[in-house]
Amino acid sequence: MDYEKIKEGVRLMLEGIGEDITREGLLETPDRIAKMCTQIYGGLYEDPAEHLKKQFQADHNNMVLEKDITFYSVCEHHLLPFYGKAHVAYIPDGHVAGLSKLARTVEVFARRPQIQENMTAQIADALEKHLSPKGVMVMIEAEHLCMTMRGVQKPGAKTVTTIVRGVFADDLSLQQTFLQMVR
């Protein structure tokens, strides 16, 4: 990340809205924002393969579900946060990933500026590519501050996105089992 460009951009934005960038409360703001960017956009520099390469032999083919994975992300359209829960499931095909690796995979994609619909697909794509499961299902439920604090101003409204792949796409009862488990 280019900290100096970030800091200059923050200074320009503050001046653009009419703020005095020399006042005490704003003196360190550009530096704080630059440091914050390493955390909230750090997924741009992470490869989900690093998290999903640690796998274990599994002789069963039962659904593995990690639900209620809390995440925070930033909408690429307004650079405002959206946050919520991700529910990630897959049907193994001979091997499984460590459970924390599913949460880490969600985090990689959450820590990028983007839209929720793409994040849902990116998580499923990563699981398919690196685990080669028989099927994947991902659901994300999130509140978007671009809808809460600007525009339509509807706090509490949640956006839900899902994606099904492999055996989940062909088996409605499997989808129903997933939905019952996340509720």
Side-chain angles (χ1 to χ4, degrees), residues 39-40 42-43 46-78 80-149 151-183:
Q39 182 177 5
I40 66 173
E46 284 188 69
D47 182 354
E50 286 301 309
H51 301 295
L52 294 170
K53 69 182 178 184
K54 180 68 173 172
Q55 298 177 20
F56 307 95
Q57 183 69 32
D59 296 329
H60 70 85
N61 62 353
N62 297 320
M63 183 189 314
V64 175
L65 168 67
E66 187 71 23
K67 70 178 198 169
D68 295 331
I69 303 168
T70 302
F71 72 89
Y72 300 89
S73 193
V74 176
C75 166
E76 66 186 22
H77 298 147
H78 300 99
L80 287 172
F82 67 95
Y83 60 94
K85 306 259 185 212
H87 315 290
V88 179
Y90 68 99
I91 305 295
D93 192 11
H95 50 275
V96 296
L99 293 178
S100 69
K101 306 314 181 198
L102 299 178
R104 291 184 191 283
T105 301
V106 168
E107 196 66 21
V108 166
F109 294 110
R111 293 176 50 197
R112 299 176 179 188
Q114 64 180 309
I115 60 174
Q116 179 177 333
E117 296 87 342
N118 288 345
M119 181 177 151
T120 307
Q122 290 166 348
I123 294 165
D125 291 345
L127 294 178
E128 277 193 312
K129 181 177 180 180
H130 302 293
L131 296 181
S132 301
K134 294 177 180 178
V136 173
M137 187 163 177
V138 178
M139 174 191 280
I140 295 180
E141 303 172 275
E143 184 168 346
H144 294 248
L145 290 188
C146 60
M147 283 187 51
T148 298
M149 56 188 293
V152 71
Q153 297 182 340
K154 296 296 176 205
K158 290 216 167 69
T159 301
V160 179
T161 52
T162 60
I163 195 158
V164 294
R165 305 267 177 82
V167 295
F168 279 99
D170 302 326
D171 188 339
L172 290 177
S173 68
L174 200 52
Q175 290 179 34
Q176 287 299 323
T177 300
F178 171 92
L179 293 172
Q180 289 171 353
M181 291 171 74
V182 299
R183 296 292 167 220

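Starting from 1, each residue takes its place in the sequence as its number.
- Partners of T177 by side chain to side chain contact (heavy atoms under 4.5 Å, CB included), not counting sequence neighbours, listed by chain and number: M63, M181.
- The structure places CD of Q57 at 8.5 Å from NE2 of H95, a figure rounded to the nearest 0.5 Å.
- Partners of D171 under the side chain to side chain donor-acceptor pair (under 3.5 Å) rule, at least two apart in sequence or in another chain, are S173.
- Rounding to the nearest 0.5 angstrom, the gap separating the NE2 atom in H51 from the NZ atom in K101 is 8.0 Å.
- Listed by first and then second residue, the salt bridge (charged side-chain N to carboxylate O under 4.0 Å, His left out) pairs involving residues 172-183 are E141-R183 (not counting sequence neighbours).
- Listed by chain and number, the residues in a side chain to side chain contact (heavy atoms under 4.5 Å, CB included) with L145 are L80, P81, Y83, T148, M149 (sequence neighbours excluded).
- The shortest non-hydrogen separation linking C75 to F82 is N-CD2, 3.6 Å.
- Atom OH in Y72 sits 13.0 Å away from atom CD1 in I40 (nearest 0.5 Å).
- Contacts classified as side chain to side chain donor-acceptor pair (under 3.5 Å) and involving residues 104-115 (residues at least two apart or in different chains) are given here: E46-R111.
- Applying the side chain to side chain contact (heavy atoms under 4.5 Å, CB included) criterion to A169, with sequence neighbours excluded, gives V164.
- Between atom CD of residue E117 and atom CD1 of residue I140 there is a gap of 9.5 Å, rounded to the nearest 0.5 Å.
- T162 contributes atom OG1, which lies 12.0 Å from atom CZ of F168 (distance to the nearest 0.5 angstrom).
- Within 6.0 Å of the CD atom in Q39, the count of heavy atoms belonging to other residues, nucleotides or ligands does not exceed 12.
- Take K53 and apply the salt bridge (Lys or Arg N to Asp or Glu O under 4.0 Å) test, not counting sequence neighbours, and it matches E50.
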Show the atom names and distances, to 0.1 Å, of all donor-acceptor pairs under 3.5 Å that link a side chain in residues 123-136 to residues at least two apart or in another chain.
unit_1 : atom_1 : unit_2 : atom_2 : d
D125   : OD1    : R165   : NH1    : 2.7
D125   : OD1    : R165   : NH2    : 2.9
E128   : OE1    : R165   : NH1    : 2.7

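- Applying the side-chain contact (heavy atoms from CB on, under 4.5 Å) test between M139 and each of L179, I163, V88 identifies L179 as the sole match.
- Scored by the side chain to side chain contact (heavy atoms under 4.5 Å, CB included) test, A110 finds F71, S73, M119 as partners (sequence neighbours excluded).
- Residues passing the side chain to side chain donor-acceptor pair (under 3.5 Å) test with K67: none are found, sequence neighbours excluded.
- Looking at P155 and E143, their side chains come closer than 4.5 Å, going by heavy atoms from C-beta outward.
- Applying the side chain to side chain donor-acceptor pair (under 3.5 Å) test to T159 and every residue at least two apart in sequence or in another chain returns nothing.
- Taken from OG1 in T120 to NE2 in H87, the straight-line distance is 10.5 Å, to the nearest 0.5 Å.
- Listed by chain and number, the residues in a side chain to side chain donor-acceptor pair (under 3.5 Å) with Q116 are H144, T161 (sequence neighbours excluded).
- With contacts defined as side-chain heavy-atom distances shorter than 4.5 Å, the pair Y90/V96 qualifies.
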